[in-house]
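Heads up, the thing below is written out as structure tokens.
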2 protein chains.
Amino acid sequence: MKETFAHASGGRRAGGGGTAPPAPAALAAKVRTLAPSMTRSMQRVAEAVAGDPAGCAALTVTGLAELTGTSEATVVRTARLLGYPGYRDLRLALAGLAAQQQSGRAPAITTDIAVDDPIADVVAKLAYDEQQTLADTAAGLDTGQLGAAVAALAAARRTDVYGIGASGLVAQDLTQKLLRIGLIAHAHNDPHLAVTNAVQLRAGDVALAITHSGSTGDVIEPLRAAFERGATTVAITGRPDSPVTQYADHVLTTSTSRESELRPAAMSSRTSQLLVVDCLFVGVAQRTYDSAAPALAASYEALAHRHGGSRGRP
Amino acid sequence: MKETFAHASGGRRAGGGGTAPPAPAALAAKVRTLAPSMTRSMQRVAEAVAGDPAGCAALTVTGLAELTGTSEATVVRTARLLGYPGYRDLRLALAGLAAQQQSGRAPAITTDIAVDDPIADVVAKLAYDEQQTLADTAAGLDTGQLGAAVAALAAARRTDVYGIGASGLVAQDLTQKLLRIGLIAHAHNDPHLAVTNAVQLRAGDVALAITHSGSTGDVIEPLRAAFERGATTVAITGRPDSPVTQYADHVLTTSTSRESELRPAAMSSRTSQLLVVDCLFVGVAQRTYDSAAPALAASYEALAHRHGGSRGRP
DNA sequence: GACCGAAACGAAAATATCTTTCATGAGTGA
DNA sequence: TCACTCATGAAAGATATTTTCGTTTCGGTC
């Protein structure tokens, strides 16, 4: 029978009425404090518990009793002495302790990836790096410039996006998104066609160049053409002082993180660029909400039949 | 100890989800990933568990069943679905999670992006969400499957990658990277051509499908064709129990985060997929280091002249 | 050295908890 | 509408935990 229903309440206030609430992480200390007052068998149990919380958490009373060469009763008695209602609760605390220890160990990540890193480390390091990149990008993004770019995009008659290589994929990503909310956008990865199209742009249109180095000629040229035609130009680059910014009305800076041999710069610049692009998209979607929302819904609807049932097993 | 692994179907299946050992902190992510394939009652249980780990850890099966208005059986079933041998183990993991949350950083308050959020908030929220997605993905990634996929890619005579829409860009990203280290890879976004090419694959080749829903026919078909031809098949999907996994030797699960109107699922799934793809790439680069390193250097060199001076001001 | 009392200890019973089985009913597609 | 599947919970069946209680061990005393 539980009458403890108010969910948002104290959380871990067990109430109970007992004298000692469970100990969170002070377990090792408690063991040392109480050890003198323990019998020999209990000490063995306490020692095992303090020595390998994670391991013990995986054991049942019987298991721990066997491991320490004692009996179930002794294990329970020890748990009681340590302040828990029973072994079950000690075990829970042990699991918590183990998790804490584990997570505390995590930040010891040297960010460089070595050739012989185990795969699990690779995952952790890459995830960490990309998280870092995101944080840096968000911190370094000029919201004024971003807002201006959003306004321009939202009002544009049409938008052209330029990007080559990895940045080309980001360009396509943005284009796909803009199309989804009913805007007219096009991603160019053929430099010649890009220029050809750029000269068609005029005031009120938007040209957006994505280049990490800021020096990719194939991307700068069309932006320049658009710029000279009077279109509003935006550059997403990791180098705010690079050539591309000469022709950009608004510059959005992506962050540049350390690169290493196994982790080329393209990787983090892509992450960074995508965040910027997402911000642009959401900003534009906000501004054009009345038309964007139905458009999004419609495109979602249109795709629904291409996927199987909504359930896992169609 | 029970070895209840009954599901074993014949053939060379990756096991749609039975492979994962207990998840430590990836629980919230796992709940989100698996929720779609859950029944209503199970969802209620999963929700309670994800919403208040600490509280649930204090409950017995019966207690949790009562709290969620379901039965013990359902609770156990949910625990199983989440990857634990039984409720007892889920409870232990819950205790660990609670301890982590408590000792760890601030509570993860994720507010949905609203139409009238100022642009600075949009940036912060998007960055935070994507960071969360990365963490979840890393935590939930099965390194065994990842390692197997890496080994297959590194040894492949050739690799075909399938993806449509946003996933198509991820497919291209992977392809670009693999090409850079001298492997033979191709990204297909034309379903017909993809199938046509898939039937050319044979044992030792790798086919890799990227689909968030796991139910995109255009992507499943070529994977199936490759599978039937004896190629090694890999699926990157957010739904480990979806149709695509039927034809996948190795399944890499991406995380699914909350989506909202202004932040479509595609956004976080892309982030998640890219992390997985990066892990694959780095893993392969490690394994083929002797040939990958020079290839990387060469491609870098070849591109150098396309960018202006190495400095910002040309 | 033998004996006594108290505490420690573990075997096994008693209880709580978890897991499995099975019948039932809701929902679904033909 | 009917047959069928699948989700669901009640209760039986297994495990794990707690309690009980008798045996063993230890320290001291005669």
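Every chain is numbered from 1 and lettered A, B, ... according to where its sequence line falls, protein lines coming before strand lines.
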**Item:** Verdict with supporting geometry, B/Gln246 and B/Arg224, side-chain contact (heavy atoms from CB on, under 4.5 Å)
**Value:** CA-CA 8 Å; B/Gln246 281 182 295; B/Arg224 174 188 190 165; over 6 Å; no

**Asked** Can you tell which of C/dT21, D/dA16, D/dT19 lies closest to the side chain of B/Ala73?
**Response** C/dT21

**Closest to the B/Thr70 side chain, choosing from D/dT17, C/dG10, D/dG9** = D/dG9

**Request:** Kindly determine whether A/Lys177 and A/Asp278 satisfy side-chain contact (heavy atoms from CB on, under 4.5 Å), including the steps that lead there.
**Result:** CA-CA 9 Å; A/Lys177 287 196 177 75; A/Asp278 286 352; 3.2 Å; yes

How many Å lie between [atom1] on [X] and [atom2] on [N], as a whole number?
X: B/Leu92; N: D/dA16; atom1: CG; atom2: P; result: 13 Å
X: A/Tyr87; N: D/dT19; atom1: OH; atom2: P; result: 16 Å
X: A/Glu66; N: D/dT17; atom1: CD; atom2: P; result: 13 Å
X: A/Leu59; N: D/dT17; atom1: CG; atom2: P; result: 10 Å
X: B/Glu72; N: C/dT21; atom1: CD; atom2: P; result: 16 Å
X: B/Arg91; N: C/dT19; atom1: CZ; atom2: C1'; result: 15 Å
X: A/Arg80; N: C/dA8; atom1: CZ; atom2: P; result: 16 Å
X: B/Leu81; N: D/dT8; atom1: CG; atom2: C1'; result: 15 Å

**Message:** Need one value for B/Gly69: base, sugar-phosphate or nothing, where a base atom within 4.0 Å counts as base even if backbone is also close, heavy atoms only.
**Reply:** sugar-phosphate

**Prompt:** Are any non-hydrogen side-chain atoms of B/Thr254 and B/Thr237 less than 4.5 angstrom apart?
**Reply:** no

**Message:** Could you tell me if the side chain of B/Asp160 sits less than 4.5 Å from the side chain of B/Asp205, heavy atoms only?
**Reply:** no

Can you see if the side chain of [X] gets near the phosphate of [N] - specifically, an N or O under 4.0 Å from OP1 or OP2?
X: A/Thr74; N: C/dG10; result: yes
X: A/Arg88; N: C/dT15; result: no
X: A/Arg77; N: D/dT20; result: no

**Message:** Going by the rule side-chain hydrogen bond (donor to acceptor under 3.5 Å, both in side chains), which residues pair with B/Thr74 if we only count those two or more places apart in sequence or in a different chain?
**Reply:** B/Ser71

**Asked** Given B/Val76 and B/Arg80, is the side-chain contact (heavy atoms from CB on, under 4.5 Å) satisfied, shown in steps?
**Response** CA-CA 6 Å; B/Val76 172; B/Arg80 291 262 163 75; 4.0 Å; yes

**Prompt:** Near DNA chain C, under 4.0 Å by heavy atom, which residues of residues 38-52 of chain A?
**Reply:** A/Thr39, A/Arg40, A/Ser41

**Request:** Would you check, one step at a time, whether the test side-chain contact (heavy atoms from CB on, under 4.5 Å) holds for B/Thr232 with B/His250?
**Result:** CA-CA 8 Å; B/Thr232 303; B/His250 311 299; 4.0 Å; yes

